[in-house]
Amino acid sequence: MVYHNLKALIKGIRACKTVADERALVKQESAAIRASFREEDSYARHNNVAKLLYIHMLGSEAHFGQMECLKLVASPRFGDKRLGYLGIMLLLDESQEVLTLVTNSLKNDMNHANMYVVGLALCTFADIASEEMSRDLANEIEKLLGSSNTYIRKKAALCALRVVRKVPELADHFVSKAKNLLADRNHGVLLTAITLVTEMCQMDTSCLAEFRNAVPLLVRHLKSLVTTGYSPEHDVSGITDPFLQVEILHLLRLLGKGDEKASEVMNDILAQVATNTDSTKNVGNSILYETVMTVLEIEADSGLRVMAINILGKFLSNRDNNIRYVALNTLNKVVSIDTNAVQRHRNIILDCLRDGDISIRRRALELSYALINEQNVRVLVRELLAFLEVADDEFKLGMTTQISLAAERFAPNRRWHIDTVLRVLKLAGNFVREEILSAFIRLVAYTPELQAYTASKLYTALRSDISQESLTLSATWILGEYSEILLEGGLVDEDQLKRITDIELVDLLLSIIDSPYANYLTRQFVLTAITKVSARPGTSQAQQERIDNVLLSYTASPELEIQQRAVEFASLFNLDVRAGVLERMPPPELKATVLGVVSENKPVGSVQPSKDGDLLGDDVSSSSTQPTNGNVPAVMQSNQDLLAEIFGSSTPAAPSPAPAAATQKNTVQDILGLFDSAPSSSPAPAPTQMPVANGAPAAPSAFNLPQTQTPQTQTPQTQQPLQHRLTAYTAYEKNELKITLTPNTSPTRPGVVNILASFQVTGSIPAIGLNFQAAVPKSQQLQMLPMSNPDIQPGRAVETQQMRVIAPVGANVRLRLRISYSVGGRAVQDQVDFSGFPPGLTGGS
């Protein structure tokens with residue numbers, strides 16, 4: 001059945017009882033329309049295109065009607081033109097070639113005597129114009145912007161907006177006309193003109209200067225809208241043309257940003273809008289929000305800014321969740337501008353933490369973090385801890401990090417800091433990042449007066465709950481390290497002093513291994529802890545034997561790391577050095593917990609720890625160390641790693657820039673040669689296992705780490721002058737090369753010696769491809785920066801390399817140096833032992 005008009009087709013489709021029937025009908029009707037198009041029946045073309053557009057709206061194919069739409073556009077009848085342009089907008093887009101055929105029709109209709117035909121052409125252009133069409137018709141659009149007809153000016157402004165977006169360089173054609181349109185009294189023309197100007201200012205900042213002269217005019221328009229009475233033509237919920245008000249405010253925000261003169265002109269009207277707009281309706285809230293954003297962007301008075309933030313605070317008490325979300329989101333952006341003004345709304349922000357909408361809770365949480373300072377840290381952290389108890393799991397990881405960072409930064413005293421982190425570990429110990437746990441252990445190590453208190457708290461907490469992983473790890477580490485404090489002094493901060501025995505302590509630690517919560521990392525910590533407990537005063541012989549038996553039981557563990565620890569710890573029980581090896585660890589170096597932003601690492605224990613790093617993060621991981629020369633062969637890198645591993649270094653160093661061909665020798669010979677007798681010019685002590693390092697960029701910030709601030713990377717050229725500069729000591733002088741070592745120490749950091757190695761050619765032949773390696777005894781640590789230049793030229797400035805040695809206080813600094821280079825085509829490889837620094841360099845007696 002063929003339907004003669006659109007109405008009959010709609011009726012027939014609605015009569016279909018199944019989807020299959022509908023598809024069959026559409027297919028049949030599409031075939032009939034195709035046949036009619038082939039017959040070139042102009043009378044039926046209008047009806048066929050109308051039916052085809054309806055079929056297109058149902059989702060079926062209708063592309064075969066594109067040319068028929070072009071034929072309708074060419075018709076002199078207005079009805080045909082309207083339907084033809086509608087079909088073009090629905091069936092064509094700017095990427096189709098057929099569109100080039102439309103350009104001429106559009107140009108003719110833009111010059112038509114009938115304003116409604118012109119309007120059809122402008123609407124079509126604004127919808128589908130391509131870059132090429134925009135260039136072709138830009139002059140026509142510019143001419144229509146000056147039309148005396150408001151209906152045409154309004155649509156022409158939207159076409160100009162399309163042109164500006166497609167071809168930004170044509171914006172200059174519309175600047176003068178746009179200025180004239182801003183003075184128009186018609187709301188429709190004014191709305192489209194402001195939209196056009198806003199787009200031009202956003203795309204090209206040079207336009208801002210052109211339109212800043214229009215600020216007084218825009219202010220007058222806005223004032224007229226605010227003060228005018230009831231206008232039925234533009235009234236929306238009792239507010240005159242809110243759409244135009246919002247667009248004016250948006251443009252004022254762009255024009256006033258960074259310009260004090262323009263901002264001063266608009267200050268009064270912004271205050272008037274903020275005070276006279278009804279906030280009980282959503283329409284009024286939209287204007288108030290745009291006013292707030294304008295005030296915060298421009299160079300407004302401080303009082304006006306406070307008023308804007310107060311409006312956002314008023315939004316927080318609104319029942320509409322959307323308005324509250326917008327307020328919280330905006331306050332998050334402006335809290336850095338005026339924190340004190342936002343602080344006034346702290347209570348209602350904290351109330352939002354208990355909102356039923358998760359999006360509002362999330363935004364309120366982010367804002368609460370930003371509000372924490374030294375004055376309110378106790379109150380806000382208490383509220384955040386209360387929320388942590390009931391928070392969703394997805395919030396806990398970020399909350400534990402932010403609370404711990406706030407405590408580290410603003411803690412009134414260390415007792416409060418420790419109590420806060422302990423509370424975090426109890427409430428969400430499974431959601432604590434490794435950096436936070438490391439910082440807590442460092443804090444306890446540097447607070448000896450609270451070590452007994454912290455150990456007591458952790459002992460009590462661990463007895464009641466071993467399901468929180470980070471709580472278990474921190475308690476295990478601290479109980480193992482400071483167990484004698486508990487065994488000798490008992491639990492502190494109790495109503496009555498309670499003694500604990502070594503049996504209770506060991507039972508508690510061993511219960512962790514047998515619990516269902518134990519994992520790979522936890523077992524490592526427990527084995528280390530019980531081994532340390534066995535060497536502490538107050539541990540009986542029976543418990544020592546018990547610990548020995550436990551370690552022996554794990555020497556055959558299928559987990560390699562557990563097995564290795566058990567074997568090493570069990571072997572210590574028969575050695576005289578056991579007490580020295582298991583003595584208390586020195587406090588780790590203080591450093592910032594998080595560098596710059598919160599790390600997104602996974603919580604502790606979620607993955608196996610790196611073999612090269614420890615939990616405290618004091619060693620530089622080899623995985624983050626890259627050579628300065630990206631062309632170093634992979635074989636050389638592996639050789640250096642092997643060398644470092646044999647020496648026992650915790651920080652395998654990356655190689656220096658590739659030396660001369662003389663260094664390309666068998667690695668095993670190099671290693672064995674390093675332990676052979678030293679050259680006759682320098683007596684060699686007995687071979688000692690020593691960690692090795694060379695000129696690798698292992699940790700450029702390690703030479704000048706501040707105690708409480710984020711480390712700043714420094715190169716040798718920008719290194720700050722070190723204190724207590726001492727004499728330069730000659731470590732090597734032969735084969736045309738002289739090496740001197742200049743130590744520098746600071747009384748505030750005993751045990752740390754910064755050494756400047758200087759390289760100078762003593763003859764007239766340059767030393768090429770110098771590779772300088774150094775090693776220290778196992779009890780010391782060595783870090784090195786890259787050499788300034790591996791090629792040492794005669795008669796030029798001395799090349800340098802920075803080193804840092806961390807040694808026990810009072811120990812002598814000893815270095816084993818290995819030098820290889822090429823001089824005059826001859827390969828030189830040498831080794832010396834240097835111990836010429838004065839005693840007491842590391843501090844102590």
Side-chain angles (χ1 to χ4, degrees), residues 5-6 9-10 26-27 29-112 114-142 144 152 154-168 170 192 196 199:
N5 55 36
L6 177 59
L9 177 62
I10 294 174
V26 169
K27 189 175 182 180
E29 186 62 25
S30 295
I33 293 174
R34 277 194 180 95
S36 178
F37 285 159
R38 285 194 295 270
E39 294 173 2
E40 292 290 337
D41 187 354
S42 59
Y43 177 79
R45 182 178 291 124
H46 186 282
N47 286 334
N48 286 333
V49 171
K51 289 187 291 183
L52 194 62
L53 293 182
Y54 181 70
I55 291 174
H56 172 74
M57 292 169 63
L58 294 178
S60 300
E61 290 185 358
H63 62 278
F64 56 86
Q66 293 174 351
M67 295 305 298
E68 302 303 317
C69 292
L70 292 176
K71 293 176 182 178
L72 284 177
V73 167
S75 171
R77 298 175 55 199
F78 178 78
D80 289 346
K81 282 184 178 293
R82 181 173 60 182
L83 184 62
Y85 278 127
L86 176 61
I88 288 173
M89 285 187 278
L90 289 176
L91 302 181
L92 295 179
D93 57 52
E94 59 180 279
S95 63
Q96 297 192 15
E97 296 180 0
V98 182
L99 200 62
T100 57
L101 302 176
V102 185
T103 303
N104 194 48
S105 297
L106 288 176
K107 185 173 183 178
N108 292 334
D109 287 338
M110 285 181 184
N111 295 311
H112 202 280
N114 188 332
M115 70 174 187
Y116 296 109
V117 174
V118 177
L120 288 176
L122 291 175
C123 285
T124 306
F125 178 90
D127 186 63
I128 65 169
S130 63
E131 181 178 342
E132 182 180 355
M133 185 184 290
S134 298
R135 294 182 186 275
D136 292 340
L137 298 178
N139 291 332
E140 303 296 327
I141 302 300
E142 182 182 357
L144 292 176
I152 294 177
K154 176 176 64 176
K155 294 185 180 297
L158 294 178
C159 291
L161 179 62
R162 177 82 177 192
V163 173
V164 168
R165 287 176 175 170
K166 289 295 176 183
V167 192
L170 294 179
T192 54
L196 173 61
E199 183 71 20

Between [Y] and [X], is there a side-chain heavy-atom distance shorter than 4.5 Å?
| X | Y | answer |
| --- | --- | --- |
| V26 | Y54 | no |
| M110 | F125 | yes |
| N104 | N108 | yes |
| L120 | V73 | no |
| E68 | N48 | no |

Residues D136 and T103: side-chain donor-acceptor under 3.5 angstrom: no
[Y] backbone acceptor or donor facing [X] side chain under 3.5 Å:
| X | Y | value |
| --- | --- | --- |
| N111 | K107 | yes |
| Q66 | L92 | no |
| S60 | H56 | no |
| S36 | A32 | no |

Would you give the length of the straight line joining atom [atom1] of [X] to atom [atom2] of [Y], rounded to the nearest 0.5 angstrom?
| X | Y | atom1 | atom2 | result |
| --- | --- | --- | --- | --- |
| L72 | R77 | CG | CZ | 9.5 Å |
| L9 | I55 | CG | CD1 | 5.5 Å |
| H46 | L83 | NE2 | CG | 4.5 Å |
| L144 | K154 | CG | NZ | 14.5 Å |
| M57 | L52 | CE | CG | 12.0 Å |
| E140 | D109 | CD | CG | 11.5 Å |

Grab the two heavy atoms, one from [X] and one from [Y], that are nearest each other, plus how far apart they are.
| X | Y | answer |
| --- | --- | --- |
| A121 | L106 | O-CD2, 3.5 Å |
| I88 | C69 | CG1-CB, 4.1 Å |
| L170 | S134 | CD1-O, 4.2 Å |
| S75 | D80 | OG-OD2, 3.0 Å |
| I128 | M89 | CG2-CA, 4.1 Å |
| M67 | L101 | CE-CD1, 4.1 Å |

Donor-acceptor pairs under 3.5 Å, side chain of residues 157-168 to any protein atom, not counting sequence neighbours: which ones?
from: R162; atom 1: NE; to: A129; atom 2: O; distance (Å): 3.1
from: R162; atom 1: NH1; to: D127; atom 2: O; distance (Å): 3.4
from: R162; atom 1: NH2; to: E94; atom 2: OE2; distance (Å): 3.2
from: R162; atom 1: NH2; to: A129; atom 2: O; distance (Å): 2.9
from: K166; atom 1: NZ; to: E94; atom 2: OE1; distance (Å): 2.8
from: K166; atom 1: NZ; to: E94; atom 2: OE2; distance (Å): 2.7

Y116: partners by side chain to side chain contact (heavy atoms under 4.5 Å, CB included), with sequence neighbours left out: F78, N114, Y151
Carboxylate-amine/guanidinium contact R135 E132, below 4.0 Å: no
